[in-house]
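The chains referred to below are lettered A, B, ... by the order of the sequence lines, with proteins before strands, and numbering in each begins at 1.
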Amino acid sequence: MRNQEVAEIFRRVAALLEIKGENPYRVRAYQRAAQNIEALTQDVEELARRGQLTRIPGIGADLAGKIKEILETGTLSLYEELKREVPPELLKFLEIPGLGPKKAKLIYETLGIKTLEELERACREHKIARLPGMGYKTEENILKGLQFLKEKVGRRPLGEVLPLAEDLLEYLRKKGPVERISVAGSIRRRRETVKDIDILVTSKRPHEVMEVFVRYPRVIEVLAHGETKTSVRVKPGIQVDVRVVDPECWGAALAYFTGSKAHNIRIRELGVQRGLKINEYGIFRGNERIGGKEEEEVFAAVGLPWIPPELREDRGEIEAAQEGRLPRLVEYEEIRGDAHVHSKYSDGHSSLEEIAAFAESLGLSWVGICDHSQGLKVAGGVPVEALMEKKRAIEEFNRRSKRVKLIFGAEVDIRSDGTLDYPDEVLAEIDLVIAAIHTGFQQSEEQLTSRAVAALSHPLVHALAHPTGRLLGEREPYALDLKKVIETAARHGKALEINAFYNRLDLNDVNARAAKEAGVKLLIGTDAHLADQMAQIHLGTAVARRAWCEKEDVLNTLSYEEFLAWLRRARGK
DNA sequence: GCCGTTTTCGGCCCGACTGTTTTCAGTCG
């Protein structure tokens, strides 16, 4: 899949056009095209072959031609031209908060500055303040922005920020005079990474809420402190915005601040078609306010049912809602088991008893104990003898335990040559076999793909764990033809994992959706190495929801007996 | 550059805030 490559070029073209001062709607066309290609669950190359590129929303004849050009030549002549006109280093300027395309262009054209270092020096020498429309505040803000970039406080994994957001909600509920309160923004949509925390509140005494908020113990800096909007930075450097709105505006404001931006734009466009104006204060016909107290009213005003936040990315949810085919998303409460947990038998830190007890506290009824296989020495891979001991221990445990059942499993290493790290007669003893690539990340796409394909084709394997190997903010997915992997899983009736560990989330939303569309079942596993980490199971469910998965797409919704039956079926009994 | 129960041109979502300005452009979400 080269979708990402095409999207990235379009995104850069959009930014370069923006700096050039081109027609903003042309810029938006490239941005929208990039976003829609990125969200595509199909292979853009295949759509190109079939002449179906213009079926992608936002792709017309012109952009279809440009996509073909990228696929054929690896680049785009327009992009190469733009790079000659506008130094591509300037794209970095746009990452500085407060510095947009207009100022970037002015700084480059009048001062010839094109690197971040030169920009910093120019600020210190007060060369920027002399430019028209800029002043000392501008310099100060650019310097602050540069510092911000240096500290690399960009997007953080959802799993890292969510506990903080929940603690803040709890704090405000307890200490502030709040009536309704909710997290909004990308956290509410459960995006895999988030930049800041948005909290929406209704209150009769907004002033007090804000006073309480700025006294939250982890606040390190107050950025803005007003009656309706207050922004602070809290301890690990995350910005938190709290907005207090009138109860009559709650629904409109919640929809507005939940986003995504692309989704909101579509909703408002639908509003315009109906002669309505929709903003964070409500729904308006002319000057008359006709609703906005509840979120449902916003959707109803444009003829839609309520759309779950996880779907609000303008990835087809609006069309689906219009046609009455929104998925009935898998619910967080429907998850009954965690398929991938490490115990003391390999590099985990918890005993079988501790794992089961914690699972019970989470309301789960089964856990797959999948320790590493023998060859993975660095992770305490389990030798065959110890593996059989573990099997007996699990059987013994299950005889005693009524509420939580453990499943004898293994995370079996897929070796460099595509063979598995236990012999077949051992694999046959293991009830749940998830295969995974842990070594040889530098291999070619052909090699890596054939390893994954070989594992999924093996009759005793049930699923492929963390299929792409990516680590959020640390490691890119390794070269893998995921389309082939998904096809293989579909052909053999195998599952693909949604690894719920907070910095993996692998498969991600788009890939999991592609798997679902291919008829592949998804299996959520936390990869917990400490029983407490099983609490992250909801992150995997969130990915499944963002992937449009329904209950039957996710094997974790099965009961213990049903799941065992699936495991046997997947091996052709 | 896209797109059409306002169809092949002329629109394209909406408002707040900031900083620089005397009425507004740029940026952001």
Side-chain angles (χ1 to χ4, degrees), chain A residues 10 13-15 17-19 21-36 53-67 76 78 93-107 128-142 144-145 184-189 191 194-198 200 223-231 239 241 243 245 249 252-253 255-284 292 298 301-303 312 314 318 322:
Chain A
F10 279 179
V13 166
L17 288 172
E18 213 177 4
I19 295 176
E22 270 275 355
N23 175 1
Y25 296 107
R26 191 178 171 210
V27 173
R28 200 178 117 189
Y30 278 96
Q31 283 167 345
R32 178 149 191 257
Q35 200 219 335
N36 288 338
L53 287 173
T54 52
R55 285 198 187 176
I56 305 170
I59 305 292
D62 182 272
L63 288 182
K66 291 197 165 77
I67 293 173
L76 183 65
L78 170 66
F93 284 21
L94 302 186
E95 290 173 32
I96 301 168
L99 195 57
K102 297 288 186 335
K103 285 181 187 167
K105 185 187 184 198
L106 185 67
I107 291 170
I128 301 293
R130 278 181 236 140
L131 299 178
M134 303 202 202
Y136 292 108
K137 272 282 187 185
T138 315
E139 286 181 339
E140 219 173 279
N141 286 338
I142 290 175
K144 263 191 201 164
S186 51
I187 295 185
R188 184 160 180 251
R189 302 200 311 280
R191 260 192 77 166
V194 298
K195 207 173 76 193
D196 47 27
I197 300 174
D198 291 303
L200 193 67
L223 303 167
H225 188 14
E227 284 286 295
T228 61
K229 181 189 169 182
T230 294
S231 299
Q239 182 170 333
D241 298 338
R243 291 180 173 84
V245 299
C249 304
Y256 177 84
F257 289 115
T258 296
S260 68
K261 188 179 169 183
H263 170 92
N264 284 352
I265 288 173
R266 295 289 312 280
I267 295 289
R268 284 187 225 126
E269 278 171 357
L270 290 178
V272 170
Q273 284 170 21
R274 285 157 200 258
L276 301 174
K277 185 174 70 172
I278 299 171
N279 59 28
E280 61 264 54
Y281 300 109
I283 306 152
F284 301 87
V298 176
V302 293
R312 299 183 199 170
D314 189 22
I318 289 169
Q322 282 170 329

> DNA chain B: A:Ala104 or A:Arg274, which has the more 5' nearest nucleotide?
Replying inline: A:Arg274

>> If I pick the C1' atom on B:dC12 and the same atom on B:dT7, what distance separates them, to the nearest angstrom?
In response: 15 Å

> Applying a 3.5 Å limit to both distances, which nucleotide forms a Watson-Crick or G-U wobble pair with B:dT8?
Replying inline: none

>> For the P atoms, the ones on B:dT6 and on B:dC2, what distance do you get once it is rounded to whole angstrom?
In response: 23 Å

> Whole-Å distance between B:dC14 C1' and A:Ile283 CD1?
Replying inline: 15 Å

>> At 4.0 Å (heavy atoms only), tell me whether A:Leu63 reaches a base, stays on the sugar-phosphate, or touches nothing.
In response: sugar-phosphate

> In whole angstrom, what separates A:Lys103's NZ from B:dC24's P?
Replying inline: 18 Å

> When we call it a touch if two heavy atoms are under 4.0 Å apart, what does A:Asn141 touch: a base, just sugar-phosphate, or nothing?
Replying inline: sugar-phosphate

>> Measure CG/A:Asn264 against P/B:dC12 and give the value in whole Å, please.
In response: 18 Å

> Going by modelled atom types, is there a donor-acceptor pair between the base of B:dG29 and the side chain of A:Asp198 at under 3.5 Å?
Replying inline: no

>> Using OP1 and OP2 only, check whether a side-chain N or O of A:Lys261 sits under 4.0 Å from B:dC28.
In response: no

>> Please confirm whether the shortest side-chain N or O distance from A:Tyr25 to OP1 or OP2 of B:dC9 is below 4.0 Å.
In response: no

>> With a 4.0 Å limit, can you tell me whether A:Thr138 has a side-chain N or O closer than that to the phosphate oxygens OP1/OP2 of B:dT20?
In response: yes

> Looking at CZ of A:Phe10 and CG of A:Leu78, how far apart are the two atoms once the value is rounded to the nearest 0.5 Å?
Replying inline: 9.0 Å

> With sugar-phosphate meaning primed atoms plus P, OP1 and OP2, does A:Tyr136 contact a base, only sugar-phosphate, or nothing at under 4.0 Å between heavy atoms?
Replying inline: sugar-phosphate

> When the distance from CG of A:Leu106 to P of B:dT20 is rounded to whole Å, what number comes out?
Replying inline: 13 Å

> With sugar-phosphate meaning primed atoms plus P, OP1 and OP2, does A:Lys66 contact a base, only sugar-phosphate, or nothing at under 4.0 Å between heavy atoms?
Replying inline: sugar-phosphate

>> Please report the distance, rounded to the nearest Å, between CD1 in A:Ile142 and P in B:dC28.
In response: 11 Å

> What is the distance from CG of A:Leu270 to P of B:dC14, rounded to the nearest Å?
Replying inline: 12 Å

> Roughly, in whole Å, what's the span from CG in A:Asp196 to P in B:dG29?
Replying inline: 7 Å

>> Can you check the distance between B:dT21 and B:dT27, where both ends of the measurement are the P atom (answer in whole Å)?
In response: 15 Å

>> Applying a 4.0 Å non-hydrogen cut-off, can you work out what A:Lys229 is touching in the nucleic acid: base, sugar-phosphate, or nothing?
In response: nothing

> B:dG1, B:dG15, B:dG29: which one has an atom nearest the side-chain heavy atoms of A:Glu280?
Replying inline: B:dG15

> Do you know which two heavy atoms are closest between A:Gly259 and A:Arg312, and how far apart they sit?
Replying inline: O-CB, 3.5 Å

> Which atom names give the shortest non-hydrogen contact between A:Tyr30 and A:Ala14, and what distance separates them?
Replying inline: CB-CB, 3.8 Å

> Counting any heavy atom closer than 4.0 Å, what does A:Leu17 reach on the DNA or RNA strands: base, sugar-phosphate only, or nothing?
Replying inline: nothing

>> Rounding to an integer number of Å, can you tell me how far A:Arg55 CZ sits from B:dC2 P?
In response: 17 Å

> Which is true for A:Ile267 with a 4.0 Å heavy-atom rule: it touches a base, it touches only sugar-phosphate, or it touches nothing?
Replying inline: nothing

>> Taking B:dT8 as the reference, what is the distance to B:dC14 when you measure between their P atoms (whole Å, please)?
In response: 23 Å

>> How long is the straight-line distance from CG of A:Leu99 back to CD1 of A:Ile107, given to the nearest 0.5 Å?
In response: 5.0 Å

> Of all the nucleotides listed (B:dG15, B:dC12, B:dG1), which has the minimum atom distance to the side chain of A:Ala29?
Replying inline: B:dG1

> Where is the tightest heavy-atom contact between A:Gly145 and A:Ile96, given as atom of each residue plus distance?
Replying inline: CA-CG2, 3.8 Å

> Pick one: which of A:Arg266, A:His263, A:Lys261, A:Gln35 meets side chain to side chain donor-acceptor pair (under 3.5 Å) with A:Asp314?
Replying inline: A:Arg266

> In terms of side-chain heavy atoms of A:Glu269, which of B:dC12, B:dG26, B:dG19 is nearest?
Replying inline: B:dC12

> Can a side chain N or O of A:Tyr30 be found less than 4.0 Å away from OP1 or OP2 on B:dG1?
Replying inline: yes

> What nucleic acid atoms does A:Pro132 come within less than 4.0 Å of, heavy atoms only: base, sugar-phosphate, or nothing?
Replying inline: nothing

> How far apart are the C-alpha atoms of A:Glu280 and A:Val245, what are their side-chain angles, what is the distance that settles it, and do they pass the side chain to side chain contact (heavy atoms under 4.5 Å, CB included) test?
Replying inline: CA-CA 9 Å; A:Glu280 61 264 54; A:Val245 299; over 6 Å; no

>> If you assign each of A:Pro101 and A:Arg32 to its closest nucleotide in DNA chain B, which residue comes earlier from the 5' end?
In response: A:Arg32

> Which value, in whole Å, describes the distance between the C1' atoms of nucleotides B:dG11 and B:dA16?
Replying inline: 25 Å

>> Is it the case that B:dG29 (base atoms only) and A:Tyr256 (side chain only) share a donor and an acceptor within less than 3.5 Å, ignoring hydrogens and angles?
In response: yes

>> Once rounded to the nearest 0.5 Å, what's the spacing between atom OH of A:Tyr256 and atom CD1 of A:Ile267?
In response: 14.0 Å

>> Suppose you measure atom C1' in B:dA25 against the same atom in B:dT20; what distance do you get, rounded to whole Å?
In response: 9 Å

> Under 4.0 Å between a side-chain N or O of A:Lys277 and OP1 or OP2 of B:dG15?
Replying inline: yes

>> Taking the C1' atom in each of B:dT18 and B:dT23, what is the distance between them to the nearest angstrom?
In response: 15 Å

